[in-house]
Amino acid sequence: MTSTHDDSGLGPAIVLLHGFPFNRSMWLEQINFLSAHGYRVVAPDLRGLGENVAQTSVGESASEDHRLRSVPLATMDDMARDVAALMDRLKIDRATICGLSMGCYVAFEFIYLFPGRVDALVLCGPRAQGPDEEEKKSREAQALRVLAEGMQFSVSSISTNLLAQKTLTEKPEVVVRVSDMVLQTDPRGAAAAQRGMAARRDYSDELANITVPTLIIAGREDGVRKPEDAEFIHAGIRGSQLVTIDDAGHLMNMEQPERFNRELLMFLHTVSEARP
Ligand code: MLT
């Protein structure tokens with residue numbers, strides 16, 4: 001049976017929530033590093049993505065029209081509840097929740113739904129604001145396009161938006177890993193997640209309610225998130241820390257894993273020290 005999550009190491013738990021349209025393999029360097037440093041690292045494939053495609057599958061024999069109409073939503077709320085159910089199955093009561101981009105929307109839902117289960121938050125490339133009409137329309141258009149054409153067209157955004165210049169010129173292996181992840185994504189899962197992100201709430205007013213230690217990580221060359229997005233969240237969550245990583249874009253944990261892991265570990269140590 002294929003697994004839809006990784007669970008490595010022993011110690012305080014950290015749950016890693018991937019971005020879109022990716023899967024849990026984007027956290028490989030963090031899983032290896034943190035599990036070797038005394039943490040239990042859990043990384044799920046979020047609903048409809050990676051190997052977790054069962055919830056959005058529609059029979060291959062269905063007509064194209066049927067396939068287009070029958071793709072469900074994979075909401076951020078669904079995904080957060082899936083994460084809580086996985087933690088239940090793994091007998092993890094509380095964890096540090098670390099998300100990247102879409103994973104941050106899921107993290108915001110998770111702390112809203114299950115505040116007592118969060119030791120700390122790590123928000124990488126996050127945005128708190130909800131979608132406006134233009135964003136909703138654009139996401140629906142992308143969902144339809146991906147259903148009609150598959151994932152290929154999404155690969156072009158890697159060089160235009162997702163990765164820093166240095167990654168593109170000096171780290172071809174990262175570029176290949178990212179494009180492989182995108183191409184392996186089930187178009188129905190991608191469409192369901194796009195529609196889920198279009199249906200997400202605005203988390204801006206909830207930032208002030210977040211009282212757990214929070215680290216925000218931004219990539220200096222992120223073409224998807226503006227620096228103001230991270231600064232807005234930093235200003236909204238009292239006591240939060242903001243770190244910006246040079247020579248990194250939207251996938252800063254894959255582009256600059258050493259720096260990213262160092263920042264994450266330092267933060268996790270401060271969280272452990274503060275624990276009663
Ligand atoms: C992601 O990396 O998860 C996406 O950029 C999220 C989004 O489309 O808002």
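All ligand and atom numbering here is 1-based and tracks the order in the structure.
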Partner set under side-chain hydrogen bond (donor to acceptor under 3.5 Å, both in side chains) for Arg117, not counting sequence neighbours: Asp88

Give a table of atom pairs where an N or O of ligand 1 lies under 3.5 Å from a protein N or O.
residue  : atom  : partner : partner atom : Å
ligand 1 : 2 (O) : Phe20   : O            : 3.3
ligand 1 : 2 (O) : Ser101  : OG           : 3.1
ligand 1 : 2 (O) : His250  : NE2          : 2.8
ligand 1 : 3 (O) : Phe20   : N            : 2.7
ligand 1 : 3 (O) : Ser101  : OG           : 3.2
ligand 1 : 3 (O) : Met102  : N            : 2.8
ligand 1 : 5 (O) : Ser101  : OG           : 3.3
ligand 1 : 5 (O) : His250  : NE2          : 3.3
ligand 1 : 8 (O) : Arg139  : NH1          : 3.0
ligand 1 : 8 (O) : Arg139  : NH2          : 3.2
ligand 1 : 9 (O) : Tyr105  : OH           : 2.9
ligand 1 : 9 (O) : Arg139  : NH2          : 2.8
ligand 1 : 9 (O) : Arg225  : NH2          : 2.9

Mind checking whether Thr167 and Asp247 have side chains closer than 4.5 Å, heavy atoms only? no

Going by atom types only, do Ser204 and Asp202 share a side-chain donor-acceptor pair under 3.5 Å? yes

Compute whether any side-chain donor of one residue and acceptor of the other, for Asn261 and Glu29, lie under 3.5 angstrom apart. no

Are any of the side-chain heavy atoms of Met26 and Leu100 separated by less than 4.5 Å? yes

Is it true that Arg127 and Glu135 have a side-chain N and a carboxylate O under 4.0 angstrom from each other? yes

